[in-house]
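Comments concern the structure below.
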Amino acid sequence: MNRKKIYLFMGPPGAGKGTISSMCVERFGWTTLSTGNLCRKHIVEGTDIGKKIDFIIKSGKLVSDELISAMIKEELEQAFNNFETVILDGFPRKSSQVDLFWNLISGLGLDAEVALVSFEVPNEVVLDRLLNRLTCSNKNCQAVYSVGCDSLLPKELDKCDKCKSPLARRGDDDRSAIENRLREYGESSKALVAAHSAKGTKVVRVDASCGVENVFDLFKELMAQK
Ligand code: ADP
Ligand code: AMP
């Protein structure tokens, strides 16, 4: 089996992880697996998991490791069967999920080179981005746009460029849920990096506070130096 490449994207909500992931998919032919997208898909489909996590997500709290693990296993296997390079957006999210991640990787018998990419943006910038975010309501698309930035606007304000489904604000993109999510990130991110470092995973830090093309270029440069 070829050696796979895995980029683990971490960063506060609104840092641009999903946006940079989509650019990597379009420009490099990689694939991305977002546990947040997966959670929202379960909610829209009304699965047992979806029913359990609906309220947790709306309030900006984290879903249990057990449910995340149940959701991600098959998706991960499919991603690795079909792609050489996989971005995991938002997983592992806290230190206890680092062991979960490595157990999944060894369970799949994968030989993988793993890098942790930390997107760094001040809280006041992400707050503004999240309040301006529009997301495609199609559970299989979930493309992201911004009404706060000309280059990230959809062509038609209420429709997704890719699938033409209606765009909407995410239920957890209100001020109180955003505050919970930022607090949770602030409390867990140091321990998450430490848990990765303890496993020997290299951490690459990207200044994600500039324009999206600049962030993408920075990411590309840092990956080339690795
Ligand atoms: P995350 O996946 O980290 O939560 P998103 O990729 O969904 O973040 O981006 C959050 C919001 O900010 C979206 O509305 C997106 O269009 C916008 N955005 C992403 N990157 C940038 C950037 N570099 N500058 C300004 N807005 C951005
Ligand atoms: P995101 O789309 O990354 O902003 O995630 C949205 C929400 O999904 C988070 O606020 C959590 O409730 C949940 N979530 C996503 N990924 C994870 C994870 N790895 N562990 C726990 N909860 C998660």
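Just follow the structure's listing: the first ligand is 1, and inside any ligand the first atom is 1.
Panel note: side chain K4, backbone F83; a donor-acceptor pair is recorded below 3.5 Å. Here the side chain of K139 pairs no donor or acceptor atom with the backbone of H42 at under 3.5 angstrom. Checking side-chain atoms of S165 against main-chain N and O of S137 turns up no donor-acceptor pair under 3.5 Å. Of the possible polar contacts, one joining the N180 side chain to the S59 backbone as a donor-acceptor pair under 3.5 Å is found.
Within 6.0 Å of the CD atom in E45, the count of heavy atoms belonging to other residues, nucleotides or ligands exceeds 12.
Classified by interplanar angle (parallel below 30°, tilted 30° to 60°, perpendicular above 60°), the ring pair Y7/W30 is parallel.
Counting side-chain heavy-atom gaps under 4.5 Å among Ile, Leu, Val, Met, Phe, Trp and Tyr, the cluster of Y145 also holds L134, V147, L153, L157, L167.
Near ligand 1, P12, P13, G14, A15, G16, K17, G18, T19, R129, R133, V144, Y145, S146, L152, C210, G211, V212, V215 each place a heavy atom less than 4.0 angstrom from the ligand. Ligand 2 is surrounded by T35, G36, R40, I57, K61, L62, V63, I68, G90, F91, R93, Q97, R170, D172, R181, each with at least one heavy atom closer than 4.0 Å.
Every pair passing salt bridge (charged side-chain N to carboxylate O under 4.0 Å, His left out) that includes a residue from residues 114-124 is listed here, sequence neighbours excluded: E120-R205.
The two residues L152 and V212 come nearest to each other via the heavy atoms CD2-CG1, 4.0 Å.
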